[in-house]
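Here the structure is laid out as structure tokens; the discussion comes afterwards.
This is a predicted model, so every value here is computed, not measured. In what follows, chains carry the letters A, B, and so on, assigned in the order in which the sequence lines appear, proteins first and then strands, with residues in each chain numbered from 1.
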Amino acid sequence: MLWRGSVNRPPTPEAEDGRQDQHLSLQEIINIKLVESGEKERLKELLRERLIECGWRDEMKELCRSFVRKKGKNNVTVEDLINVITPKGRASVPDSVKAELLQHIRSFLGSAAL
Amino acid sequence: MSMSSVKSPYTVPPPCNHLASYKLKNGLAGYTSLQEYLRIAPNGKPAISKPDSKAPGCSSCNGSHQRLYLCLSCNWISCIDHTLSHTRSSLGHEIAVDIERAELYCGTCRDQVYDPDFDRAVMCKYIREMMPRGRNGFEGISIISERSSKRRRLVPGLDSDFSVSKQLICSGDQRAKSCYPLGLRGLNNLGNTCFMNSVLQVLLNAPPLRNYFLNNKHNQDACRKASADRFCLLCDIDVIFSAVFSGDRSPFSPAQFLYSWWQHAANLASYEQQDAHEFFISLLDGIHEKEGKAKDLNKDGRDCQCIAHRVFSGLLRSDVTCMACGFTSTTYDPCMDISLHMDTNSSLSADSPNKANKSSGNNMGSSSSTLIGCLDLFTRPEKLGSDQKLHCQNCQEKQHSLKQLSIRRLPLVLCLHIKRFEHSLVRKASRKIDWYLQFPFSLDMGPYLSSSIVRKRFGNRIFPFEGDESEISSEFEIFAVVTHSGMLESGHYITFVRLRNMWYKCDDSWVTEVDEKTVRASQCYMVFYVQKMLYYKANEELSCIPISSQRDAFLPVVGCC
């Protein structure tokens with residue numbers, strides 16, 4: 001899902017904060033709160049651990065490897081790999097992992113009093 | 001992961017035209033200015049972040065669900081779509097950096113690109129942040145970018161003995177050697193100190209200890225403040241970790257550590273040969289003494305939280321059963337390692353081919369020429385002799401008893417010590433048992449847990465057992481073997497360590513890659529296993545640290561993950 005800022009405003013060079021502050025969706029607000037509090041990094045770490053533990057990461061590696069073997073290593077870009085494994089990756093995340101992370105986010109939201 | 005791809009030599013991919021022209025135009029300026037924004041993410045990997053820690057997003061569309069790239073020419077942050085359109089619209093703005101991973105990307109080639117100079121800039125920052133300076137200026141960390149031969153501060157006099165040509169890591173095929181993971185470095189023998197070097201190599205590669213020291217959990221400054229000038233083994237170990245992980249591959253002399261240990265174990269302070277296992281236990285004891293007191297945790301009877309205990313401490317259960325009435329009394333004892341006997345009555349022992357017919361009551365099935373056999377022996381019920389009759393609470397008199405050991409709680413790192421040195425009081429002589437002992441690389445300690453042992457005693461019934469839901473898994477992976485060759489009085493210790501499924505032989509100053517067969521054929525004296533989960537996690541961490549060859553440019557090893 002993409003959010004678009006105002007497309008009429010020409011992009012300002014060098015400005016790293018070129019985005020608008022109005023029209024922020026709830027999802028964006030939550031994301032910002034998660035990042036600013038450092039919670040997002042902690043959640044990413046937790047997710048990483050879980051996905052390694054359950055072998056998901058090794059599965060993805062294997063998928064990448066077989067794709068590279070098929071296409072030839074000089075004919076593959078990072079983009080190709082991302083496009084190939086993203087749908088499969090998303091689909092194969094174990095439910096328990098999803099549930100655990102949702103739980104963390106829920107309690108974070110509770111404490112952040114949004 | 002197939003390791004054959006790591007073994008073959010490979011080259012750094014040549015830069016694409018766009019990267020080459022970017023370098024021509026900007027040199028290293030872009031990379032150096034980027035260093036300011038480099039930080040170490042919690043997973044230990046370098047990432048790029050702006051100081052205001054606002055949630056990064058694409059400057060054009062605010063998207064933050066794709067990978068974000070920072071244009072090296074104008075610092076514009078974009079998602080992949082807008083990075084590509086940015087490249088099309090702005091001439092020369094082809095090279096960008098993936099901010100989450102600190103990796104180069106070319107917008108025209110639409111692919112990841114590699115530059116040794118960039119990776120050097122990243123790793124310099126990384127090492128500077130991760131490695132604290134050593135105490136007393138003793139062997140400070142050599143930062144890659146500033147390294148020169150003048151900064152080698154080895155103990156004077158030892159330098160000359162170890163000419164560079166002997167350092168197998170630095171000679172020969174640079175590319176193959178640049179495959180060596182960080183954390184491998186020879187240790188100079190300071191005078192019969194192979195017993196110490198061999199144990200140090202184990203500690204350097206024990207995942208929980210590696211994490212503890214590399215994450216600066218023992219802060220030398222804080223420690224120095226707290227304890228004035230008292231010797232601190234942990235500080236000395238911290239110095240060794242810094243030196244070994246610095247990227248400098250020349251052999252290191254752990255002289256300060258040796259001196260500190262002598263203070264702790266004064267009776268062993270000499271240049272005579274020592275027993276590696278004795279040293280290991282003495283070292284853990286020294287760590288506990290210092291840290292245990294500082295943390296003052298034993299007062300309420302809780303488990304000691306010193307790093308030595310946290311890593312190596314387990315709990316043994318001993319059941320003594322009265323053979324008359326069956327009453328069993330149970331005691332628990334903590335242990336830092338498990339010493340295993342080799343069954344001298346085994347029918348398969350090397351020097352007793354004819355014993356098979358003579359030994360009685362010997363189970364032919366379980367030979368002690370394997371480590372598993374030794375573990376079986378360790379947990380086998382043992383009939384205590386007539387001179388060891390114990391008082392039975394039930395019978396109210398001394399009875400013949402049966403004693404059985406089992407493991408109530410496994411440690412994170414399991415040290416199995418093979419008792420090869422037999423001291424016979426009868427013969428008033430000591431000898432070394434040289435038999436070969438086969439040991440597995442993957443070890444499931446399940447059958448030796450108290451729950452399994454006690455269950456078997458009752459005929460494998462289905463009943464809940466206290467401690468059934470173990471918090472710690474029972475599956476272990478080997479990561480180091482200390483071997484002894486030679487005789488009782490004059491022998492030599494070397495250590496094999498396993499990193500990312502590759503084996504390396506650490507023989508004092510010399511570290512070389514060896515194959516599995518060599519390790520399996522060696523005469524093990526102490527075998528070290530770590531919980532499987534920690535082993536795989538450690539491998540994963542290692543694969544993301546680029547490796548260096550010592551001589552010249554910091555060659556990043558592409559595709560080593």
Residues which pass side-chain contact (heavy atoms from CB on, under 4.5 Å) with A:S37, listed by chain and number, not counting sequence neighbours:
A:E39, A:F108
List for me each residue that meets side-chain contact (heavy atoms from CB on, under 4.5 Å) alongside A:S92, sequence neighbours excluded, and say none if there are none.
A:W56, A:E59, A:M60
Using heavy atoms and a sub-4.5 Å threshold, report which of residues 72-88 of chain A line up against chain B, by residue number.
A:V76, A:T77, A:V78, A:E79, A:I82
Any side-chain heavy-atom pair of B:S473 and B:M533 under 4.5 Å
no
Would you say B:T108 and B:N17 make side-chain contact, with heavy atoms under 4.5 Å?
no
Atom pairs and distances, donor-acceptor, side-chain atoms in residues 90-97 of chain B, under 3.5 Å, two or more places apart:
unit_1, atom_1, unit_2, atom_2, d
B:S90, OG, B:H86, O, 3.3
B:H93, ND1, B:H86, NE2, 3.3

Which bit of B:E103 is near chain A, if near means a heavy-atom gap under 4.5 Å: side chain, backbone, both or neither?
neither
Between A:E62 and chain B, which part of the residue has a heavy atom less than 4.5 Å away: side chain, backbone, both or neither?
neither
Of all heavy-atom pairs between B:D444 and B:S474, which one has the smallest distance, and what is that distance?
OD1-OG, 2.9 Å
Let's test your reading of the structure: which of B:K532, B:R110, B:R67 forms the most heavy-atom pairs below 4.5 Å with chain A?
B:R110
Would B:F479 and B:V413 count as a side chain to side chain contact (heavy atoms under 4.5 Å, CB included) here? Give the steps.
CA-CA 10 Å; B:F479 71 93; B:V413 174; 3.7 Å; yes
